[in-house]
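Whatever order the structure lists ligands and atoms in, that order sets their numbers, starting from 1. Bear in mind the structure is a predicted one, so any value in this text is a computation, not a measurement. Worth knowing before you read on, the calculation uses all heavy atoms, side chains too, and leaves out hydrogens, waters and symmetry mates.
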Amino acid sequence: MNLTAPEFISNYIGGEWVKPANNKYLDNTNPATGDVYSHTPDSDATDVQKAVDAAKAALPKWSKTSLEDRFMILNKIAMLIDEHLDELALAETNDNGKPLWLSKRVDIPRASSNFRFFATGIMHFSTESHNMEDRAINYTLRQPVGVVGCISPWNLPLYLFTWKIAPALAAGNCVVAKPSEVTPMTSYLLTHICKEAGLPDGVLNIIHGTGPGCGSAIVAHPEIKAISFTGSTRAGKDIAAVAAPMFKKISLELGGKNPNIIFEDCDWKKMMNTTIQSSFSNQGQICLCGSRVLVQKSIYEKFKAEFLQRVAALTVGDPLQDTSKQGAVVSKMHYDKVMGCIELAKQEGGTVLAGGHAVRGTGRCENGLFIAPTVIEGLGPACRTNMEEIFGPVVTLQSFETEEEALALANTSDYGLSATIWTQDVTRANRVAAKVQSGIIWVNCWLLRDLRTPFGGFKNSGIGREGGWDALRFFTEPKNVCIEL
Ligand code: NAD
């Protein structure tokens with residue numbers, strides 16, 4: 001099997017590669033070069049209906065397929081992803097603009113880990129039993145939900161797409177999935193892997209298109225019983241408004257504005273190396289990036305001087321070059337949004353200490369969408385720059401004196417996805433971790449992921465948790481059976 005990016009991407013319905021019913025396509029642009037290099041189906045409700053029909057037809061057999069057979073197929077998908085690492089990584093980089101070394105090291109390996117993790121996970125998934133002494137025994141059945149919808153964003157395209165579809169499939173559901181229209185290629189290539197691995201036709205259907213044109217048709221479809229969504233808080237709100245009156249199960253993984261809290265007693269070298277990563281990895285386009293850097297006053301000036309030096313050394317440029325630490329941001333629309341946020345920060349009185357401007361690419365990247373890593377100081381916690389998600393290579397610096405002040409700054413946010421705490425004092429680490437209003441806390445590390453742990457946010461960062469048993473519970477319906485003895 002040779003995975004090559006086609007000029008026209010197809011939908012994948014009932015095991016066939018098909019055109020959108022309306023024959024309309026969207027341009028697919030490489031953000032590092034500005035070239036339109038392929039076209040994505042601009043699907044609508046007609047295509048979604050066909051996908052639902054195919055999923056319904058496949059459901060009776062797939063939901064009864066033995067756990068061992070499901071394991072074998074999903075594990076084979078993981079192996080094939082590994083075998084095709086180079087083609088998938090290149091496709092991811094061409095769609096997204098991220099450095100190729102990052103796609104190879106993180107995005108694609110994580111996609112195969114997702115399949116491997118849930119392939120084995122389903123073999124160990126057990127259900128509860130509640131014994132009422134000698135009166136009765138209850139046991140819980142966990143049956144597949146049925147046809148489920150999975151909708152994912154552009155920042156970690158295959159990584160987050162597979163994070164949803166792997167547990168959905170492992171739990172015996174049939175899936176109608178939509179990747180982001182901005183980065184469709186790797187999910188298209190995945191369809192060839194699924195076919196080769198023997199995933200039965202109709203079990204996974206992938207429809208390409210926009211949120212309003214295609215995603216909303218998935219959300220509103222009465223026969224899609226659960227929606228697993230990762231994306232913006234704005235879209236999450238719209239989805240909740242449609243799904244709630246239909247009593248659908250929903251899992252919403254939304255935006256973040258994460259604090260990175262640095263105390264004076266931190267392990268300096270480790271903190272500095274990791275803070276550069278947590279600020280700017282993937283051009284700051286990771287929902288878990290620490291975009292609000294909070295530094296204890298006693299080390300603020302020292303931190304600032306060294307941080308700015310390190311930021312200046314981050315090479316921005318052609319994502320195909322190993323030397324590029326930062327690639328392009330994902331699209332013109334997103335580029336304009338991030339540049340607009342930098343302007344807003346200036347208007348709010350912020351001082352740009354580093355970056356704040358576009359970077360002109362060279363050679364094939366002359367028309368690429370590059371933004372210099374940007375550091376801003378001088379803004380209070382409640383201004384728009386510190387409250388709204390930018391989702392680009394932009395961080396702000398704020399200082400605090402006491403632990404209470406640090407907590408107040410950290411929790412001045414409508415979001416609550418993740419937080420990072422840097423201190424060598426384990427008692428303080430535990431105390432602060434318990435009080436920060438976020439679903440994921442890292443102490444003296446960042447993005448260290450155990451796939452068994454609950455993943456998700458407080459407040460406007462979402463509803464529900466992904467990962468481990470949480471994901472398998474989401475994609476199954478519990479049914480209690482009580483037997484009187
Ligand atoms: P987005 O909300 O614009 O789009 C996400 C996906 O939803 C896309 O596939 C899009 O086509 C679709 N969509 C948009 N509106 C829809 C609607 N009304 N109904 C159904 N589908 C719809 O988000 P994005 O710009 O692709 O991604 C960036 C956002 O994702 C950021 O806010 C980021 O924080 C968030 N994110 C969150 C997590 C997390 O785990 N919490 C992870 C990654 C990204």
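Of all protein heavy atoms, the one lying nearest to atom 3 (O) of ligand 1 is R234 NH2, 3.4 Å. Of the protein's non-hydrogen atoms, W154 NE1, 3.3 Å is the one closest to atom 24 (P) of ligand 1. Nearest protein neighbour of atom 39 (C) of ligand 1, counting heavy atoms only, is C287 SG, 3.3 Å. Regarding atom 18 (N) of ligand 1, its nearest protein heavy-atom neighbour is D238 CB, 4.0 Å. Among protein heavy atoms, atom 9 (O) of ligand 1 sits closest to S152 O, 2.8 Å. Scanning all protein heavy atoms for the shortest distance to atom 7 (O) of ligand 1 gives F229 CE1, 3.0 Å. Atom 22 (C) of ligand 1 has G211 CA, 3.5 Å as its closest protein atom, hydrogens excluded (heavy atom only). Of all protein heavy atoms, the one closest to atom 32 (O) of ligand 1 is E389 OE1, 2.6 Å.
In this structure, S461 has no heavy atom closer than 4.0 Å to ligand 1. Heavy atoms of E466 stay at 4.0 angstrom or farther from ligand 1. Remark: distances from the non-hydrogen atoms of G456 to ligand 1 are all 4.0 Å or more. Taking 4.0 Å as the cut-off, G457 does not count as a neighbour of ligand 1 on heavy-atom distance.
Close contacts of ligand 1 with S180, meaning ligand atoms under 4.0 Å from a residue heavy atom, involve 9 (O). Using a 4.0 Å cut-off to heavy atoms of F455, the atoms of ligand 1 that qualify are 40 (O). Interface atoms of ligand 1 facing P179, defined by a heavy-atom separation under 4.0 Å, are 9 (O). Using a 4.0 Å cut-off to heavy atoms of L417, the atoms of ligand 1 that qualify are 41 (N).
Taking the ring centroids of F8 and Y25, they lie under the 6.0 Å cut-off. A ring-centre distance under 6.0 Å is not found for F115 and W163.
Counting only N and O atoms by type, the side chains of N11 and S43 include a donor and acceptor under 3.5 Å apart. Side-chain atoms of D27 and T29 include no donor-acceptor pair closer than 3.5 Å. Residues Y37 and D95 bring a donor and an acceptor atom of their side chains to less than 3.5 Å of each other. Inspection of the N273 and Q277 side chains reveals no N or O donor paired with an N or O acceptor under 3.5 Å. With 3.5 Å as the limit, one finds a donor-acceptor pair spanning the side chains of T162 and N114.
Looking at L254 against ligand 1, only its backbone comes within 4.0 Å, counting heavy atoms. When heavy-atom distances to ligand 1 are checked against a 4.0 Å cut-off, H334 has no atom that comes that close, whether in backbone or side chain. Of the heavy atoms in I239, only side-chain atoms (C-beta onward) come closer than 4.0 Å to ligand 1. Under 4.0 angstrom from ligand 1, the non-hydrogen atoms of L160 all belong to its side chain. By the criterion of a heavy-atom distance under 4.0 Å, the side chain of N155, and not its backbone, is placed next to ligand 1. Only side-chain heavy atoms of I151 come within less than 4.0 Å of ligand 1; its backbone N, CA, C and O stay farther off. In P212, neither the side chain nor the backbone holds a heavy atom less than 4.0 Å from any atom of ligand 1.
In this structure, K337 fails the cation-pi test against F391, since its NZ or CZ atom is not both closer than 6.0 Å to the six-membered ring centre and inside 45 degrees of the ring normal. A cation-pi arrangement, defined by a distance under 6.0 Å to the six-membered ring centre and an angle within 45 degrees of its axis, is absent between R465 and F455.
Under a 4.0 Å N-O distance rule, the pair E223/K56 qualifies as a salt bridge. With respect to the salt-bridge test (charged N to carboxylate O, under 4.0 angstrom), the residues D47 and K178 do not qualify.
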Carefully, step by step, assess D201 and K195 under the rule salt bridge (Lys or Arg N to Asp or Glu O under 4.0 Å). CA-CA 8 Å; D201 295 347; K195 192 76 159 183; 3.1 Å; yes

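In terms of polar-atom proximity, K178 is counted as a contact of ligand 1, with an N or O under 3.5 Å from an N or O of the ligand.
The two atoms that bring K435 and N411 nearest to each other are O-ND2, 3.1 Å, heavy atoms only.
Annotation for R384: atom CZ does not count as buried by contact number, only 12 or fewer foreign heavy atoms lying within 6.0 Å.
Of all the listed residues (C289, G231, P153), G231 holds the heavy atom that lies closest to atom 29 (C) of ligand 1. By heavy-atom distance, the residue among G215, S232, G255 lying nearest atom 20 (C) of ligand 1 is G215.
Between the side chain of S331 and the backbone N or O of V329, no donor-acceptor pair lies under 3.5 Å.
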